A.B. asks: 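Pasting a structure below so you can have a look.
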Amino acid sequence: MAPTDTGAPTPARQSEFAPAKINLTLHVTGRRADGYHLLDSLVVFADLGDRVAVAPDTGLSLTVTGPMAGGVPTGPDNLVLRAARLAGVTGAAITLDKHLPAAAGIGGGSSDAAATLRVLRDRLGVAMPAPLALGADVPVCLAARTARMRGIGENVEPVSGLPPLPAVLVNPGVSVATPDVFRRLSRRDGSAMDDIPAFADARACADWLRGQRNDLEAPARALAPGIGTVLTALGDSGAALVRMSGSGATCFGLFTDTATARQAAGQIAAANPGWWVRSTILGAAHHDPADQPIEL
Ligand SMILES: C[C@@](CO)(OP(=O)(O)O)[C@H](O)COP(=O)(O)OP(=O)(O)OC[C@H]1O[C@@H](n2ccc(N)nc2=O)[C@H](O)[C@@H]1O
Ligand SMILES: Nc1ncnc2c1ncn2[C@@H]1O[C@H](COP(=O)(O)OP(=O)(O)O)[C@@H](O)[C@H]1O
């Protein structure tokens, strides 16, 4: 690994939080000649996620641990190793502690890649490569703060004025492949998201969001009908707004207070033992005190 910019000794092991990404909205507004879709999305981050730790070593290696490690690739295809290679790193022992479901529309892999790039840049002085090469979601995950994402994902504009949003995330344990969901879109020329106002509170934000969309929700539901069951369960639990994130299958419910969100999560989890259910706060950038502030 390259030395730090300051010339100070490189610390032995550095770690970084990789928060879950939630698309509060996801409008598909066009399609490029190469098949990638133009998006307009309000993206927030949760206070739960994975953790990437990097220690200097002679070769490049990855160990995947944690409750959601099952099924996550451990070889060169893992986005953490792809990120390290893209940054030109050849000597690092990386540990990925996995808490987010994979292929779930909450950017687990993209956020892991972004956290790897952040730890390499901010703690270890490695030059930042162009993140889009790792996936359309990686630029916004690099910012790891509330943002409006446009283009295919490369245009990331910080957004302020969102209150912290108490929420429940639910994944029914079915994974849907992102390309399959985009392929099933019935139209690709939807309207852009409305301009984002400042919100007095979580209810005002939920009210505004009701007038926006996730255009991938209908095609994902057609591929995985279980998504509809999750949305119904969240709606029945008293959420002010329910929607799918990204290309699914994870859905979120927004609540007006944390206690109600926690109670709803408990009820949904008890009734559906196979589901991944978590209460969280969305939109408060980086709850992890170990992390550095991120500049866009
Ligand atoms: C849909 C979104 C919304 O935030 O989230 P997820 O469902 O993945 O969480 C992202 O755009 C996903 O980003 P990411 O998962 O990094 O996508 P990539 O690896 O670049 O692309 C996977 C595939 O998705 C399709 N794709 C992705 C992004 C985009 N703007 N247009 C597309 O058509 C393409 O078929 C591409 O081959
Ligand atoms: N670190 C990682 N964590 C999760 N999935 C990964 C990782 N690296 C590569 N992948 C692959 O990336 C795909 C997309 O994963 P992920 O980013 O979690 O989902 P999504 O794009 O739906 O938000 C998965 O199918 C998985 O095989």
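Because only heavy atoms are used, hydrogens play no part in the values below, and waters and symmetry mates are left out as well, while side chains stay in. In listed order, ligands and their atoms are each counted from 1. Just so it is clear, the structure is predicted and the values come from calculations on it, not from any experiment.
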A.B. asks: Which residue and non-hydrogen atom of the protein lie closest to atom 25 (C) of ligand 1, and at what distance in Å?
C.D. replies: Phe182 CD1, 3.4 Å
A.B. asks: Should one rank Arg183, Met149, Arg32, His37 by closest heavy-atom distance to atom 30 (N) of ligand 1, which comes out on top?
C.D. replies: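 Checking each option, the heavy atom nearest atom 30 (N) of ligand 1 is found in His37.
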A.B. asks: Honestly curious: do Leu185 and Val181 fall in one hydrophobic cluster under the side-chain, below-4.5 Å linking rule?
C.D. replies: yes
A.B. asks: Please verify whether a non-hydrogen atom of Lys98 lies at under 4.0 Å from ligand 2.
C.D. replies: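 Checking ligand 2 against Lys98, which is what was asked, there is a heavy-atom contact under 4.0 Å.
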A.B. asks: Name the closest protein heavy atom to atom 11 (C) of ligand 2, giving the residue it belongs to and the distance to 0.1 Å.
C.D. replies: Pro73 CG, 4.1 Å
A.B. asks: Salt bridge or not for Arg82 and Asp77, using N-O below 4.0 Å?
C.D. replies: no
A.B. asks: Can you pull out the closest protein heavy atom to atom 19 (O) of ligand 1? Residue, atom name and distance to 0.1 Å, please.
C.D. replies: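 For atom 19 (O) of ligand 1, the nearest protein heavy atom is Gly135 CA, 4.0 Å.
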A.B. asks: Any N/O of Val138 closer than 3.5 Å to an N/O of ligand 1?
C.D. replies: no
A.B. asks: Which bit of Asp137 gets closer than 4.0 Å to ligand 2, counting heavy atoms only: side chain, backbone, both or neither?
C.D. replies: neither
A.B. asks: May I ask which of Ile106, Thr178, Val140, Asn214 has a heavy atom nearer to atom 24 (O) of ligand 1 than the others do?
C.D. replies: Thr178
A.B. asks: Provide the full list of side-chain hydrogen bond (donor to acceptor under 3.5 Å, both in side chains) pairs with a residue in residues 227-236, sequence neighbours left out, each pair given once.
C.D. replies: none
A.B. asks: Determine, using heavy atoms of Gly246 and all atoms of ligand 2, whether some pair is separated by less than 4.0 Å.
C.D. replies: no
A.B. asks: Considering only protein heavy atoms, which is closest to atom 17 (O) of ligand 1, and at what distance to one decimal place?
C.D. replies: Ala136 N, 3.8 Å
A.B. asks: With heavy atoms under 4.0 Å as the rule, classify the contact between Asp50 and ligand 2 as side chain, backbone, both or neither.
C.D. replies: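 Near ligand 2, Asp50 shows nothing, with every heavy atom at 4.0 Å or more.
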A.B. asks: Is it the side chain (CB and beyond), the backbone, both or neither of Ala104 that lies under 4.0 Å from ligand 2, heavy atoms counted?
C.D. replies: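 It is the backbone that touches ligand 2; the side chain stays farther off.
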A.B. asks: I need the nearest protein heavy-atom contact for atom 5 (N) of ligand 2: residue, atom name and distance, please.
C.D. replies: Ala102 CB, 3.8 Å
A.B. asks: Counting only heavy atoms, which portion of Asn78 has something under 4.0 Å from ligand 2: side chain, backbone, both, or neither?
C.D. replies: both
A.B. asks: May I ask you to identify the nearest protein heavy atom to atom 5 (O) of ligand 1, giving residue, atom name and distance to one decimal place in Å?
C.D. replies: Lys21 NZ, 2.9 Å
A.B. asks: So which heavy atom on Val277 is nearest to which on Ala265, and how close?
C.D. replies: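 Closest pair (atom of Val277, atom of Ala265, distance): CG1-O, 3.5 Å.
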A.B. asks: Going only through I, L, V, M, F, W and Y residues with side-chain contacts under 4.5 Å, is there a path from Met193 to Leu24?
C.D. replies: yes
A.B. asks: Suppose the criterion is salt bridge (charged side-chain N to carboxylate O under 4.0 Å, His left out): which pairs have a residue in residues 165-180, not counting sequence neighbours?
C.D. replies: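 Output for this query lists Asp180-Arg183.
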A.B. asks: Please confirm whether Gly151 comes under 4.0 Å of ligand 1, counting heavy atoms of the residue only.
C.D. replies: no
A.B. asks: Specify the protein heavy atom at minimum distance from atom 29 (C) of ligand 1: its residue, its atom name, and the distance to 0.1 Å.
C.D. replies: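 So the nearest neighbour among protein heavy atoms is Tyr36 CD2, 3.5 Å.
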